[in-house]
Amino acid sequence: MLFKNAETEDFEIAFTFIKNLWTYNSYEKEVIRKVYQKVIHDPNSFVFFLIEDGIYRGFCHGDYFQTFWMSGLTCYVSSLITRKEDRKKGYGKSMLDHAKELALSRGCKAITLDSGLPREEAHEFYEHYGFEKSCYGFEYML
């Protein structure tokens, strides 16, 4: 198993993961490409792939930010995606373990994430990993 930091030339692979997870959303490829470029070059972000047997099995993106709530640096995992056929094989756990190592190395006090309401299997996975439900997430589109 290999964790590979995302690079510019990996965009097509990343885009496949993104559009296959949030199938209820539509994406303009070139807009996502610009976001991807910003994220992979942001020193307060991480983006990596999990590769096994030469196959890209998972994609993870997160950010580090200061919060009053956690009284310090927090890691927010905004994308944790495995291929549908690779779910329940330990890849998600491996990616969270890696994200946890990254967060600890940066001095984070916690890892937070959110998950869409319909993604009940993902919720079970996060709770089994050790995450606790802590809030409702809200968004206000501009």
Side-chain angles (χ1 to χ4, degrees), residues 1-139 141:
M1 195 171 328
L2 166 73
F3 296 104
K4 178 189 184 297
N5 288 332
E7 299 177 80
T8 299
E9 58 269 14
D10 298 318
F11 172 73
E12 293 296 331
I13 298 164
F15 188 68
T16 299
F17 278 101
I18 292 165
K19 70 180 182 179
N20 285 333
L21 179 63
W22 295 292
T23 54
Y24 49 86
N25 205 357
S26 60
Y27 297 99
E28 292 181 44
K29 191 172 188 177
E30 293 313 308
V31 172
I32 297 299
R33 184 186 308 273
K34 289 176 185 174
V35 172
Y36 177 82
Q37 287 301 318
K38 289 177 184 177
V39 168
I40 66 171
H41 292 100
D42 182 346
N44 290 314
S45 293
F46 61 85
V47 185
F48 63 84
F49 295 95
L50 182 147
I51 302 171
E52 186 176 65
D53 299 327
I55 299 170
Y56 286 72
R57 308 229 181 234
F59 173 78
C60 184
H61 161 242
D63 295 294
Y64 307 108
F65 63 100
Q66 295 288 336
T67 65
F68 295 111
W69 174 54
M70 288 290 167
S71 302
L73 197 60
T74 302
C75 174
Y76 174 71
V77 174
S78 60
S79 303
L80 182 77
I81 311 167
T82 56
R83 298 179 332 152
K84 190 171 187 169
E85 61 269 29
D86 285 332
R87 294 190 182 139
K88 298 187 179 187
K89 295 182 179 178
Y91 297 122
K93 179 188 180 308
S94 294
M95 287 191 295
L96 277 178
D97 288 346
H98 187 66
K100 187 166 120 181
E101 288 174 21
L102 294 173
L104 286 168
S105 73
R106 288 287 291 255
C108 291
K109 294 188 170 193
I111 297 176
T112 62
L113 56 81
D114 55 43
S115 181
L117 291 173
R119 303 195 65 240
E120 293 177 2
E121 283 186 55
H123 304 166
E124 289 176 22
F125 164 72
Y126 295 131
E127 288 175 340
H128 185 260
Y129 188 89
F131 283 88
E132 295 179 12
K133 290 180 185 174
S134 61
C135 66
Y136 285 100
F138 298 92
E139 56 189 30
M141 301 304 288

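- Checked against salt bridge (Lys or Arg N to Asp or Glu O under 4.0 Å), K38 has no partners two or more places apart in sequence or in another chain.
- Shortest non-hydrogen contact noted between M70 and A110 is SD-CB, 3.5 Å.
- Judged as a side-chain contact (heavy atoms from CB on, under 4.5 Å), and not counting sequence neighbours, the contacts of H41 are T8, Q37.
- The shortest distance between side-chain heavy atoms of L50 and S94 falls below 4.5 Å.
- Contact annotation: the side chain of F17 never approaches that of S79 to less than 4.5 Å [non-hydrogen atoms, C-beta and beyond].
- For residues 85-117, the set of pairs meeting the ring-ring contact (aromatic ring centres under 6.0 Å, His included) definition, not counting sequence neighbours, comprises F3-H98, F48-H98.
- Residues F59 and A14 approach most closely at CE1-CB, 3.6 Å, considering heavy atoms.
- Not counting sequence neighbours, E127 has no partner by the side-chain hydrogen bond (donor to acceptor under 3.5 Å, both in side chains) test.
- Closest of all the heavy-atom pairs between I40 and E7 is CD1-C, 3.7 Å.
- Scanning for side-chain hydrogen bond (donor to acceptor under 3.5 Å, both in side chains) contacts around K100 gives an empty result, with sequence neighbours left out.
- In this structure, the side chains of T16 and N20 come closer than 4.5 Å at one or more pairs of heavy atoms.
- Partners of E30 by side-chain contact (heavy atoms from CB on, under 4.5 Å), not counting sequence neighbours, listed by chain and number: R33.
- Taking 4.0 Å as the cut-off between side-chain N and carboxylate O, K88 and E121 count as a salt-bridged pair.
- Within 6.0 Å of CD on E28 lie no more than 12 heavy atoms contributed by other residues, nucleotides or ligands.
- Applying the side-chain hydrogen bond (donor to acceptor under 3.5 Å, both in side chains) rule to K93 yields the partners D97; only residues at least two apart in sequence or on another chain are considered.
- Y129 is linked by a ring pair (Phe, Tyr, Trp, His ring centres under 6.0 Å) to F131, counting only residues two or more places apart in sequence or in another chain.
- S45 pairs by the side-chain hydrogen bond (donor to acceptor under 3.5 Å, both in side chains) definition with D42, D63, not counting sequence neighbours.
- Closest non-hydrogen pair, V77 versus L113, comes out as O-CB, 3.3 Å.
- The shortest distance between side-chain heavy atoms of Y126 and L96 falls below 4.5 Å.
- Proximity of Y36 to F15: side-chain heavy atoms (C-beta onward) are nowhere separated by under 4.5 Å.
- With contacts defined as side-chain heavy-atom distances shorter than 4.5 Å, the pair K89/D86 qualifies.
- How far CZ of R119 is from NE2 of H123: 7.0 Å, rounded to the nearest 0.5 Å.
- Remark: Y56 pairs with F49 by the ring pair (Phe, Tyr, Trp, His ring centres under 6.0 Å) rule, at least two apart or across chains.
- The structure places OG of S115 at 11.0 Å from CD of E124, a figure rounded to the nearest 0.5 Å.
- C75 and F46 get closest at one heavy-atom pair: SG-CE2, 3.5 Å.
- A salt bridge is absent between R57 and E85: the closest approach of a Lys/Arg side-chain nitrogen to an acidic carboxylate oxygen does not fall below 4.0 angstrom.
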field: F65 and N44: CA distance, side-chain angles, deciding distance, side-chain contact (heavy atoms from CB on, under 4.5 Å) verdict
entry: CA-CA 7 Å; F65 63 100; N44 290 314; over 6 Å; no
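- Between T74 and C108, the shortest heavy-atom contact is C-SG, 3.8 Å.
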task: Kindly determine whether H61 and V39 satisfy side-chain contact (heavy atoms from CB on, under 4.5 Å), including the steps that lead there.
output: CA-CA 8 Å; H61 161 242; V39 168; 3.2 Å; yes
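- Within the structure, no pair that satisfies the salt bridge (Lys or Arg N to Asp or Glu O under 4.0 Å) test touches residues 105-116, not counting sequence neighbours.
- Not a single side-chain contact (heavy atoms from CB on, under 4.5 Å) links L117 to another residue, sequence neighbours left out.
- Here the side chains of L80 and F125 are in contact, with some heavy-atom distance below 4.5 Å.
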